[in-house]
Number of protein chains: 2
Amino acid sequence: MYNDFSTSKLFMNISDFLKALVPFTNDELNDILKHFKKETVPKNQILVHQGEVSKTLYFIESGLGRSYYLNQAGKEITQWFFGSGKFMASADSFFQQCPSLYYIEILEDAVIYSITKEKLDELFDTYPKMEKLGRLVTTEMLTKVVNKLNAIQFQTAKERYEYMLAEFPDIAYQVPLGHIASYLGMTQETLSRIRKSNSSK
Amino acid sequence: MYNDFSTSKLFMNISDFLKALVPFTNDELNDILKHFKKETVPKNQILVHQGEVSKTLYFIESGLGRSYYLNQAGKEITQWFFGSGKFMASADSFFQQCPSLYYIEILEDAVIYSITKEKLDELFDTYPKMEKLGRLVTTEMLTKVVNKLNAIQFQTAKERYEYMLAEFPDIAYQVPLGHIASYLGMTQETLSRIRKSNSSK
DNA sequence: TTCACTTTTTGACATAGGTCAAAAGAAAGC
DNA sequence: GCTTTCTTTTGACCTATGTCAAAAAGTGAA
């Protein structure tokens, strides 16, 4: 799943998040939350490996994650960042149950809630409101990805970095430069030069 | 809405499409279809203008459409192609009810079914199965957009064209070269040269 | 068939950004 | 505090692809 990490507070409670999107009753909410498992995950841990079929969807209560893949040259290409209050998954693998093209990695010590595909489907079948939730979350993700696509498709390296700063200000100085560069579709050297030219103005 | 146009037959009936995704009863289906309006739209017609808030979602029974925007230089940038059997809309505008960044244009004479946002929301409220449909359609679109993003982000112009040929073979020779070039994030001249070098091999 | 218009191809040239290699700076372990 | 390792910066050079302009090919109407 692909989601924004811009407006993320440092901590976002899962039940507040769910209630904000769909008016679940307390009973519904309690039953739904029972299906999730809370975990603490340290920095640098890999949650999903490239090539494996991922059965798990994560919700990040606090911390930071990313998805990335290795290109032909063996270089890591960051595909997305996931901040607190967002769902995280290898979208293709989780939804289509095919081998994942991506790794999912925790970049900052995180508290996450995880749910398996079976249990999630169960929830979809039990609660129509969950379908709505799924639809809303997916739609929001779609919008974000389309925005990134626009930024990548026809903008200069500098403009892409400005898009990043505008959309995700808090992440820009929080993760290694190389992660951001590959996320924006440029080399680390280029991003370093852009930063320099920006700071000298 | 963003959707694939690769496996599109020349004609795809809307009720077959709906039934294939979610097991609606005939009564449900009839009621749902009542909310759609069937129209015939000639080539070159613009359905949504940049800057306008779009209230309409389209399903293409036959024909071909695209979304595009004008960049700073006033050049048309194709954002997506929509073939038969697919939903078409200016996603941002329709879902968030904000001014559209895109034009939606019919490229080949089309038969379409349209529905307003109000009526669609009504259907979502009446039929939980519609929520499921919405979720499934959106998820599929998300996957497609992510695929395109991957192709665009780190591949050479030539590789991007090969991605296009692989994913959407039938469109590649059906629309003006410039539409495809801008869709792939390159100039028309570059695409023309790629085609030439491919054909001489 | 011809004329007007659109789309595609070609050529010459410019440049953003890639590559490779090394130096400088930060962070982590002992 | 010193050493090792990782990250960022800098420099020199190269190439894919963009830009601009003109020719060629294709399409449709009269």
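Each chain gets a letter, A, B and so on, in the order its sequence line appears, and its residues count up from 1.
In this structure, a donor-acceptor pair under 3.5 Å is present between the side chains of A/Ser114 and A/Glu39. Checked by atom type, the side-chain pair A/Tyr102/B/Asn150 shows a donor-acceptor distance below 3.5 Å. Side chains of B/Ser54 and B/Ser93: no donor on one and acceptor on the other come within 3.5 Å.
Listed nucleotides: D/dT17, C/dG18, D/dG18. Nearest to the side chain of B/Thr156: D/dT17.
When rounded to the nearest whole Å, the span between CD of A/Gln153 and P of D/dT17 equals 15 Å. For the pair B/Gln155 CD and C/dG18 C1', the computed distance is 16 Å after rounding to whole Å. Atom pair B/Lys158:NZ and D/dA16:P shows a separation of 11 Å (rounding to whole Å applied). When the P atom of C/dT8 is taken as reference, atom CE of B/Met186 falls 14 Å away, rounded to whole Å. Here C/dG18 presents its P atom at 13 Å from CG of A/Asn71, a figure rounded to the nearest Å. Taking atom CG of B/Leu184 as the reference point, atom P of D/dA16 lies 18 Å away to the nearest angstrom.
Note: B/Phe17 and B/Phe59 meet the aromatic proximity criterion, with ring centroids under 6.0 Å apart. Aromatic rings from A/Phe81 and A/Tyr183 are positioned such that their centres are separated by under 6.0 Å.
Counting heavy atoms from C-beta on, the side chains of A/Met88 and A/Leu47 come closer than 4.5 Å.
Between A/Thr187 and C/dG18 there is a side-chain polar atom (N or O) within less than 4.0 angstrom of OP1 or OP2.
The aromatic rings of A/Phe87 and A/Phe36 sit tilted relative to each other, their planes meeting at an angle between 30° and 60°.
Pairs engaging residues 63-84 of chain B under the salt bridge (charged side-chain N to carboxylate O under 4.0 Å, His left out) rule: B/Arg66-B/Glu76, B/Arg66-B/Glu105 [sequence neighbours left out].
A cation-pi contact, defined as under 6.0 Å to the ring centre and within 45° of the axis, is absent between A/Arg195 and A/Tyr161.
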Under 3.5 Å, which N/O atoms of the protein pair with N/O atoms of nucleotides 5-14 of chain D?
unit_1	atom_1	unit_2	atom_2	d
D/dT8	OP1	A/Leu177	N	2.9
D/dT8	OP2	A/Leu177	N	2.9
D/dT9	OP2	A/Ser192	OG	2.9
D/dT9	O5'	A/Ser192	OG	3.2
D/dG11	N7	A/Arg193	NH2	2.6
D/dG11	O6	A/Arg193	NH2	2.9

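Five base pairs at each end of the helix from C/dT1-D/dA30 to C/dC30-D/dG1 define two local axes, and these are offset by 50° (rounded to 10°).
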